[in-house]
**Q** 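Take a look at this one; I'll ask things after.
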Protein chains: 2
Amino acid sequence: MSTSMPESLAAGTRRVARPAPLRQAVYDTLAEMIASGSLKPGQHLVESELAEHLGVSRQPIREALQRLAVDGWVELRPAYGAYVHVPTTEEVAQLLGVRSVLEAYSAREAAQHATAERIARLRQLYDAGLAALAADDEATLVTANADFHRYIVQISGNRVLLELISQVERRVRWYYTPIARPRGTEAWNEHETLIGAIGDGDADLAERLMRAHTERTTEFYRREFVPAHQAPAG
Amino acid sequence: MSTSMPESLAAGTRRVARPAPLRQAVYDTLAEMIASGSLKPGQHLVESELAEHLGVSRQPIREALQRLAVDGWVELRPAYGAYVHVPTTEEVAQLLGVRSVLEAYSAREAAQHATAERIARLRQLYDAGLAALAADDEATLVTANADFHRYIVQISGNRVLLELISQVERRVRWYYTPIARPRGTEAWNEHETLIGAIGDGDADLAERLMRAHTERTTEFYRREFVPAHQAPAG
DNA sequence: ATACCGCCTCTTGTATGCAATGTACTATCT
DNA sequence: AGATAGTACATTGCATACAAGAGGCGGTAT
């Protein structure tokens with residue numbers, strides 16, 4: 001592992017996007033097209049058409065489609081084709097429920113691994129979101145929110161958790177964007193108290209706050225998008 | 001959906017393995033080879049070798065490897081090859097931690113969706129595990145344990161949760177097998193009380209019992225496999 | 001008129017060939 | 001001798017070609 005590389009360079013372990021992984025670019029492009037609605041739910045995706053459209057061969061398209069299927073963006077019918085996933089309100093509720101549980105756990109673990117430096121960084125992310133909120137910049141706000149939560153997971157040090165939450169988060173974001181701004185003000189206030197709890201190393205409080213935070217978001221979503229007569233029993 | 005097919009046949013919606021998805025067969029085979037240790041951690045997997053070995057072309061091998069990478073069985077280095085994932089005790093601890101949280105949630109939700117029929121089915125699975133335990137059949141016991149937990153998730157009705165837990169469970173099982181039997185007796189006693197709580201629709205109790213159950217398994221694992229000097233702080 | 005059978009087309013599934021990239025080795029220079 | 005640059009090899013990444021499976025459509029027989 002020891003190289004003659006200057007320390008200043010060795011610090012950056014994250015390699016920038018080499019020209020290499022074309023399937024990754026295809027994946028990102030298609031996911032973006034689905035999330036933005038330019039590929040509509042239920043639409044039949046034909047490999048050859050996508051290939052021509054994106055100017056690549058069918059091979060990277062296939063590989064991207066299979067990962068998209070794993071991540072819940074499309075459904076693959078064995079010998080017949082790929083269809084853009086059709087989201088349901090029930091599914092969103094389930095996603096948000098799972099997310100809530102995972103995030104609460106991440107807050108608990110983060111509180112147990114807090115350092116002054118990490119809290120400072122977390123506060124930076126918090127400020128960035130606050131700025132986006134003030135500027136009424138919805139896209140940035142959604143990103144800032146994701147960054148904030150992701151960093152808490154990183155503080156927790158649980159890589160498995162990071163993977164899982166990332167998966168859920170990507171799918172949630174698809175539906176979530178429209179409520180980002182109206183929920184924004186309240187949400188960022190809650191973030192502030194959360195930082196305090198994590199900084200104090202109060203795991204129980206951090207967990208409770210995060211749970212309340214995400215459940216409030218879920219509730220907000222329900223009120224906004226689920227008609228009363230669809231509300232599940234419980 | 002209406003066909004002239006006899007009802008006795010139409011009942012079986014699950015199609016048997018058609019000759020079709022070769023990549024799936026490759027995936028299963030490789031996962032099995034990794035789990036069983038016939039492919040060793042850190043080993044470099046070469047597509048062409050695997051292809052020849054399994055008697056297929058590189059294409060299905062590639063696709064299988066990519067799914068294996070998503071599921072944490074192998075690591076893909078962008079232009080150099082696939083390596084069998086090297087598990088660490090820390091990773092196992094993280095997996096078990098996440099699993100504990102998700103399973104607890106599944107128990108809570110299951111309690112809220114319990115029906116007499118479902119509880120009866122759950123009890124059947126419980127009995128099957130008990131039988132395997134009595135017969136000292138380790139492989140069946142591991143399967144029965146997985147089935148039991150999976151069915152609880154199914155009762156919860158949360159498909160997202162089912163997906164996530166399945167992912168985690170597959171990876172856990174890789175490390176978990178050796179402790180299945182020694183932990184078995186105790187674990188199945190705990191399962192019994194769990195059935196009671198779920199059957200009573202007592203969500204809080206079910207959640208607590210499941211959390212205690214999985215955390216005890218985690219603790220058991222730690223005592224067995226993590227040397228004292230490796231025990232993480234906290 | 002209706003139900004069934006067979007064909008025909010479309011799309012995916014698999015195989016092979018070629019180009020690009022990363023690693024390891026070796027020879028050379030300091 | 002150590003470090004470095006150039007080179008050669010192994011392996012993946014991508015593209016194209018071929019084969020097989022699934023549905024849809026029309027013809028035909030009842």
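Within every chain, numbering begins at 1; the chains are lettered A, B, ... in the order of the sequence lines, protein sequences first and strands thereafter. Given the structure is predicted, the values throughout are model-derived calculations rather than measurements.
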**Q** Tell me the interatomic distance from B:Tyr80, atom OH, to C:dT21, atom C1', rounded to whole angstroms.
**A**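 After rounding, the reported distance stands at 12 Å.
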**Q** According to the salt bridge (Lys or Arg N to Asp or Glu O under 4.0 Å) rule, which pairs have a member within residues 78-87 of chain A, sequence neighbours left out?
**A** none
**Q** Kindly state each residue pair satisfying salt bridge (Lys or Arg N to Asp or Glu O under 4.0 Å) with at least one member in residues 82-107 of chain A, sequence neighbours excluded.
**A** A:Glu91-A:Arg171
**Q** Grab the CG-P distance between B:Leu22 and D:dA20 for me, whole Å please.
**A**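 Checked: the CG to P distance equals 14 Å.
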**Q** Let's see if you get this right: which residues in residues 42-51 of chain B place a heavy atom under 4.0 Å from DNA chain D?
**A**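 Only B:Leu45, B:Val46, B:Glu47 qualify.
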**Q** Which residues pass the ring-ring contact (aromatic ring centres under 6.0 Å, His included) test with B:Phe220, sequence neighbours left out?
**A** none
**Q** Counting just side-chain N and O atoms, does B:Arg77 come under 4.0 Å of either OP1 or OP2 of C:dG22?
**A** no
**Q** Is the shortest heavy-atom distance from the side chain of A:Gln43 to the side chain of A:Tyr83 under 4.5 Å?
**A**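 Sidechains of A:Tyr83 and A:Gln43: no contact.
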**Q** Please tabulate, for the side chains in residues 116-124 of chain A, all donor-acceptor contacts under 3.5 angstrom to protein atoms that are two or more places apart in sequence or on a different chain.
**A**
from	atom 1	to	atom 2	distance (Å)
A:Arg118	NH1	A:His113	O	2.5
A:Arg121	NH1	A:Gln124	OE1	2.9

**Q** Output all residues satisfying ring-ring contact (aromatic ring centres under 6.0 Å, His included) with A:Phe148, sequence neighbours left out; order by chain, then residue number.
**A** A:Trp188, A:His191
**Q** Considering only distance and modelled atom types, tabulate donor-acceptor pairs under 3.5 Å from the side chains of residues 54-62 of chain B, sequence neighbours left out.
**A**
from	atom 1	to	atom 2	distance (Å)
B:Ser57	OG	B:Gln59	N	3.2
B:Arg58	NE	B:Glu47	OE1	2.9
B:Arg58	NH2	B:Glu47	OE1	3.0
B:Gln59	OE1	A:Gln59	NE2	3.2
B:Gln59	NE2	A:Gln59	OE1	3.2
B:Gln59	NE2	B:Glu63	OE2	3.2
B:Arg62	NE	A:Glu63	OE2	3.0
B:Arg62	NH1	B:Glu47	OE2	3.2
B:Arg62	NH2	A:Glu63	OE2	3.2

**Q** Not counting sequence neighbours, list each pair that qualifies as a ring-ring contact (aromatic ring centres under 6.0 Å, His included) and has a residue in residues 53-79 of chain A.
**A**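 Listed once each, the pairs are A:Trp73-A:Trp174.
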**Q** At a heavy-atom distance below 4.0 Å, what parts of residues 56-72 of chain B sit against DNA chain C?
**A** B:Val56, B:Ser57, B:Arg58, B:Gln59, B:Pro60
